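Scroll down for the structure; my scribbles are underneath it.
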Amino acid sequence: MKSEPDEVSIDDLAAAPQRAFPWTGVRNYQARNFMRDAMQPGDLAFFYHSGCKEPGIAGICEICSDSYPDPTQFSATDKYHDPKSTPEQPRWWLRDVRFVSRSRLLGLGELRRHPELAGMRVLARGNRLSITPVTAAEWQFITGQLLAPSN
DNA sequence: GCCAACGTTGGC
DNA sequence: GCCAACGTTGGC
């Protein structure tokens, strides 16, 4: 799950009440579908910092709610307002995420260096999805790398 | 249903 | 700040 740390970082999640908040602002259908349909409470996700000086995995969070309509879509003053959404027919759904841990910054360049991660969705050429699936093998490999010294 | 124009993402 | 890549919009 990608977020720009200037907006919302892993530190913000750690500092939030209950160490959790709703993952607002996803406005891409594919990313929405992954969050709404493919996730379930208890799933873990990498918290990825994008659009910043050092993009990469910065920590781990846990999905901690069922999906429900993103409230920001209904708020005319919100930057994520969607005039085509109504409470009767919401377009955008989200889940709450809870802080699990920070990690060392596992940078994009480092991720790309590992052949084990060559097929990782988030690394695919031209990928712009802010939420992408991680395979079990990718998850295990990366968590192993997070335990290893930086290189 | 096609496709050009436009806006956004996100690494560099 | 640049720009490649991609999704969305809207005219036809």
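These numbers were taken from a predicted model, which means no experiment stands behind them. Below, chain A is the first sequence line, B the second, and so on; all start at residue 1.
Using bins of under 30°, 30° to 60° and over 60° for the plane-to-plane angle, the ring pair A:Phe141/A:His114 lands in the perpendicular bin. Between A:Trp23 and A:Phe21, the two ring planes are tilted [angle within 30° to 60°].
Side-chain nitrogen and oxygen atoms of A:Tyr48 include none within less than 4.0 Å of the OP1 or OP2 phosphate oxygen of B:dT9. Between A:Lys2 and B:dT9 there is no side-chain polar atom (N or O) within less than 4.0 angstrom of OP1 or OP2.
In this structure, the CG atom of A:Asn127 is 9 Å from the P atom of B:dG11, given to the nearest Å. Regarding A:Tyr80, its OH atom lies at a distance of 12 Å from the P atom of B:dT8, rounded to whole Å. Between the C1' atom of B:dG10 and the CD atom of A:Glu54 lies a distance of 16 Å, rounded to the nearest Å. Between A:Lys53 atom NZ and C:dG1 atom P the separation is 16 Å, expressed in whole Å. Nucleotide B:dG11 holds its P atom 8 Å from the CZ atom of A:Arg112, rounded to whole Å. The distance between atom CD1 of A:Ile57 and atom P of B:dG10, rounded to the nearest whole Å, is 15 Å. Following rounding to the nearest Å, A:Lys79 (NZ) and B:dT8 (P) show an atom-to-atom distance of 12 Å. Taking atom CZ of residue A:Arg27 and atom P of nucleotide B:dT8, one finds them 13 Å apart after rounding to whole Å.
Each of B:dG11, B:dG10, C:dG7 was ranked by its minimum atom distance to the side chain of A:Ser130; first place goes to B:dG10. Closest contact between the side chain of A:Lys84 and the listed nucleotides C:dT9, C:dG7, B:dC12 involves C:dT9.
The environment of A:Glu54 atom CD is sparse: at most 12 non-hydrogen atoms of other residues, nucleotides or ligands sit within 6.0 angstrom.
In this structure, the ring of A:Trp92 has its center less than 6.0 angstrom from the ring center of A:Tyr29.
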